[in-house]
There are 2 protein chains.
Amino acid sequence: MTGTEARRRPTIYDVAEAAGVSKSLVSLVLRGSPSVSEARRTAVLDAMARLDYRPSQAAAALAGATTRTIGVVIDDYRNLWFVELLRGLQEGLAPHGLRIAVADHTLNAHVEAHPLDGFLSMRVDGLVIATEPTGAMRVPEGLPVVVAGHREGVVPGADVVANDDRLGARLATEHLVGLGHRGIGHLTGGGGAARLRAEGFAEAMAAAGLEPRTVAGDGATTEEDGYVAAVRLLDTAPETTAVFAANDTMAMGALAAAGERGRRVPQDLSVVGYDDSPIASTHLLQLTTVDSRNAEIGAVAAERLVARIGGSPAPETAVLLDPQLVVRGSTAAPRSTA
Amino acid sequence: MTGTEARRRPTIYDVAEAAGVSKSLVSLVLRGSPSVSEARRTAVLDAMARLDYRPSQAAAALAGATTRTIGVVIDDYRNLWFVELLRGLQEGLAPHGLRIAVADHTLNAHVEAHPLDGFLSMRVDGLVIATEPTGAMRVPEGLPVVVAGHREGVVPGADVVANDDRLGARLATEHLVGLGHRGIGHLTGGGGAARLRAEGFAEAMAAAGLEPRTVAGDGATTEEDGYVAAVRLLDTAPETTAVFAANDTMAMGALAAAGERGRRVPQDLSVVGYDDSPIASTHLLQLTTVDSRNAEIGAVAAERLVARIGGSPAPETAVLLDPQLVVRGSTAAPRSTA
DNA sequence: ATGAAAGCGCTAACAA
DNA sequence: TTGTTAGCGCTTTCAT
């Protein structure tokens with residue numbers, strides 16, 4: 001009796017009827033088949049618009065062999081490094097009609113055990129793992145998977161695309177050495193990338209005949225960790241004139257510690273970060289950092305995915321992109337070259 | 001002939017057979033029906049584990065009346081205000097077995113016209129619009145929708161949950177007035193929230209008998225805009241001793257401008273932001289700000305959604321949460337109370 | 001408490 | 001170029 005009851009949502013049947021064609025023709029138009037006459041196509045498109053029709057993704061997924069969507073697993077929305085990755089992925093995937101679905105590891109923890117399960121339930125056509133892969137990540141063989149941004153892939157059959165953290169750390173360190181710094185400290189944290197960066201730091205320091213001093217905060221790589229680590233470093237090794245942090249966030253903490261200790265940046269202390277995240281280019285930080293080329297990582301990941309989706313099984317590949325030093329205002333030659 | 005060809009993924013049929021029951025029973029177990037004997041249930045669960053079975057979301061969505069997922073539309077992954085919103089949403093939704101799908105406005109722009117279309121195609125059970133609603137947002141009537149964080153809802157039938165921006169701006173301004181500041185400037189930007197905050201600022205200044213000075217950057221609310229606006233303010237009105245920025249990001253820009261002009265914060269210049277975003281609580285900023293209570297906004301949004309999904313149609317509601325001032329280290333009494 | 005059977009809205013052969 | 005016809009893997013009555 002209520003006139004406002006929600007009408008059943010239109011289906012291809014309704015569209016077909018309204019356009020005076022068969023259901024299959026509608027399906028063909030939907031997927032942009034070239035073998036549909038212009039007249040019919042416009043008729044169908046018209047009917048769709050009139051009825052405010054939306055294709056049912058569920059029905060399409062169920063009937064078809066493919067969902068045309070790639071699942072991206074990220075760690076934490078606050079870690080902005082994935083933003084550029086997504087952009088690169090998106091640009092590489094869109095031309096192939098592939099869409100992206102993003103899932104945060106922590107977010108749906110209660111509903112699904114792991115975002116991976118959600119994506120597998122969804123029958124995604126491919127997966128990008130933008131977190132540190134854990135042993136528990138079992139994916140059905142044959143599903144295209146690329147691990148992005150992390151080299152320690154333990155996902156069987158997955159391609160790996162990442163930046164060369166060790167090289168990046170060397171670039172950062174050599175930049176500081178080149179400026180004349182000798183008391184250079186490194187702020188490290190947990191995780192594989194941090195370890196590789198610490199190794200690169202140690203290598204570059206050794207090559208320059210300098211003693212590498214590496215200090216950690218509370219084990220993670222947050223701003224707080226950077227602050228804590230920097231305080232420790234500056235207090236125990238006051239001769240330090242430059243700091244290389246495992247990432248931009250930690251570098252931010254180092255900046256705070258420097259300010260508190262009355263050290264001006266870059267005059268009294270040089271600071272380098274890693275990632276070239278959005279905060280690095282702010283007026284406030286003007287942080288010299290290492291661009292890990294996340295957009296390119298995304299682009300390469302997209303390429304791999306597309307190749308695997310279309311093609312026959314191929315051996316897994318690993319691509320290591322060369323990071324790039326981005327010099328901004330947080331580094332300078334030390335005051336006195338002692 | 002190749003032994004490694006990907007086996008067909010198991011379905012309820014396979015599970016049913018392996019467990020020696022009917023398909024329907026498997027379905028019942030899947031959705032936790034209480035009317036299944038313990039013996040059968042464990043048998044089914046066992047079979048699922050053995051076969052590494054994953055229910056097909058597509059099939060479930062197609063057959064069932066509901067998808068148990070809520071679509072959340074956000075603007076830009078870089079704007080971290082949505083992170084807490086998601087947390088609140090998640091906590092409110094998970095107990096009801098509802099999952100969250102997040103879509104960035106800009107991301108799938110090429111594939112789908114609007115994330116909204118994607119969600120409608122997906123047949124979500126509800127929608128959270130965490131962007132400034134535009135006129136083009138037509139959603140099927142009967143679909144639960146809540147606009148979160150923005151008051152200027154033009155989505156018909158949608159509930160609105162937001163913080164009271166005008167009040168928050170008054171709190172921030174009154175805090176500065178209370179500290180003894182008289183030369184207080186406001187950095188504003190584009191968008192509805194910024195406008196409301198500017199109005200609240202003007203109100204509080206008028207109430208204190210002070211002249212409100214409001215300046216914009218390049219029209220947006222980025223760090224760059226904050227920097228530009230603050231430079232303008234400090235250069236044209238050097239008597240300014242306090243700045244209230246439309247958000248934390250702009251405040252960050254103001255901090256940079258202050259530093260450049262040789263103004264120490266908070267001794268020479270007090271700065272207040274808005275949003276209590278993750279950057280505000282860093283050691284580097286220690287920003288006094290206004291907590292817009294995004295987690296609570298998410299919680300209320302979840303509540304509304306759940307009520308609408310379960311219940312009968314109800315008139316649309318609008319909830320305005322009271323924001324809270326968070327005093328940190330970026331504000332202090334002015335040097336000389338002139 | 002469990003099973004049988006009819007779709008959900010599409011895609012993908014195949015026919016015409 | 002267009003129409004016909006089976007399913008895809010589930011949920012959901014309805015029986016039993």
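Computed from heavy atoms alone, side chains included, the values below leave out hydrogens, waters and symmetry copies. Order of the sequence lines sets the chain letters (A, B, ...), proteins ahead of strands, with each chain counted from 1.
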> Under the salt bridge (Lys or Arg N to Asp or Glu O under 4.0 Å) test, which residues partner B/Arg123, sequence neighbours left out?
Replying inline: none
> Can you name the salt bridge (Lys or Arg N to Asp or Glu O under 4.0 Å) partners of A/Arg50, sequence neighbours left out?
Replying inline: none
> For the helix from C/dA1-D/dT16 to C/dA16-D/dT1, what angle lies between the axis at the first five pairs and the axis at the last five pairs, to 10 degrees?
Replying inline: 30°
>> Just to verify, what does B/Ala307 make a side-chain contact (heavy atoms from CB on, under 4.5 Å) with, not counting sequence neighbours?
In response: none
> Who pairs with B/Ala318 by side-chain contact (heavy atoms from CB on, under 4.5 Å), at least two apart in sequence or on another chain?
Replying inline: B/Val160
>> Quick check for you: name the first and last nucleotides of DNA chain C, 5' to 3', having an atom under 4.0 Å from a heavy atom of chain B.
In response: C/dA1 to C/dG9
>> My understanding is that only residues two or more places apart in sequence, or in another chain, count here; which of them pass side-chain contact (heavy atoms from CB on, under 4.5 Å) with A/Pro10?
In response: A/Asp14, A/Leu51, A/Tyr53
> Atom OH of B/Tyr53 and atom P of D/dG9: how far apart are they, to the nearest Å?
Replying inline: 10 Å
>> So A/Val161 and A/Val147, do their side chains get closer than 4.5 Å, heavy atoms only?
In response: no
>> Once you apply a heavy-atom cut-off of 4.0 Å, does B/Leu25 come out as touching a base, just sugar-phosphate, or nothing?
In response: sugar-phosphate
>> Classify A/Val26 by what it touches in the nucleic acid, base, sugar-phosphate, or nothing, heavy-atom distance under 4.0 Å.
In response: nothing
Nucleotides 5-8 of chain D: which of its N/O atoms have a protein N/O under 3.5 Å away?
unit_1	atom_1	unit_2	atom_2	d
D/dC8	O2	A/Leu62	O	3.2
D/dC8	O2	A/Ala63	N	3.1

> Does any pair with a residue in residues 69-89 of chain B pass salt bridge (charged side-chain N to carboxylate O under 4.0 Å, His left out), and if so which ones, sequence neighbours excluded?
Replying inline: B/Asp76-B/Arg78, B/Glu84-B/Arg87, B/Arg87-B/Glu91
> Of A/Arg31 and B/Val21, whose closest DNA chain C nucleotide lies nearer the 5' terminus?
Replying inline: B/Val21
>> Ignoring hydrogens, what is the shortest heavy-atom contact between B/Tyr77 and A/Leu80? Give both atom names and the distance.
In response: O-CD2, 3.6 Å
> Residues two or more places apart in sequence or in another chain: which of them pass salt bridge (Lys or Arg N to Asp or Glu O under 4.0 Å) with A/Arg68?
Replying inline: none
> Going by the salt bridge (charged side-chain N to carboxylate O under 4.0 Å, His left out) test, which pairs reach into residues 21-45 of chain A, not counting sequence neighbours?
Replying inline: none
>> Using a strict threshold of under 4.0 Å (side-chain N to carboxylate O), is an ion pair present between A/Asp159 and A/Arg308?
In response: yes
>> Distance check needed: D/dG9 P versus B/Glu17 CD, whole Å only.
In response: 14 Å
> When you measure from the side chain of A/Leu28, which nucleotide among D/dT2, D/dG3, D/dC10 comes out closest?
Replying inline: D/dT2
> Nearest-Å distance, CZ (B/Arg68) to P (D/dT11)?
Replying inline: 12 Å
> Which part of the nucleic acid, if any, lies within contact of A/Ser37, taking any heavy atom under 4.0 Å across all strands shown: a base, the sugar-phosphate backbone alone, or nothing?
Replying inline: sugar-phosphate
>> Counting only heavy atoms not in B/Glu17 (residues, nucleotides, ligands), do more than 12 fall under 6.0 Å from its CD?
In response: no
>> Side chains of A/Thr69 and A/Asp125, heavy atoms from C-beta outward: is any pair under 4.5 Å?
In response: no
Interface polar pairs with nucleotides 14-16 of chain D, N/O, under 3.5 angstrom:
none

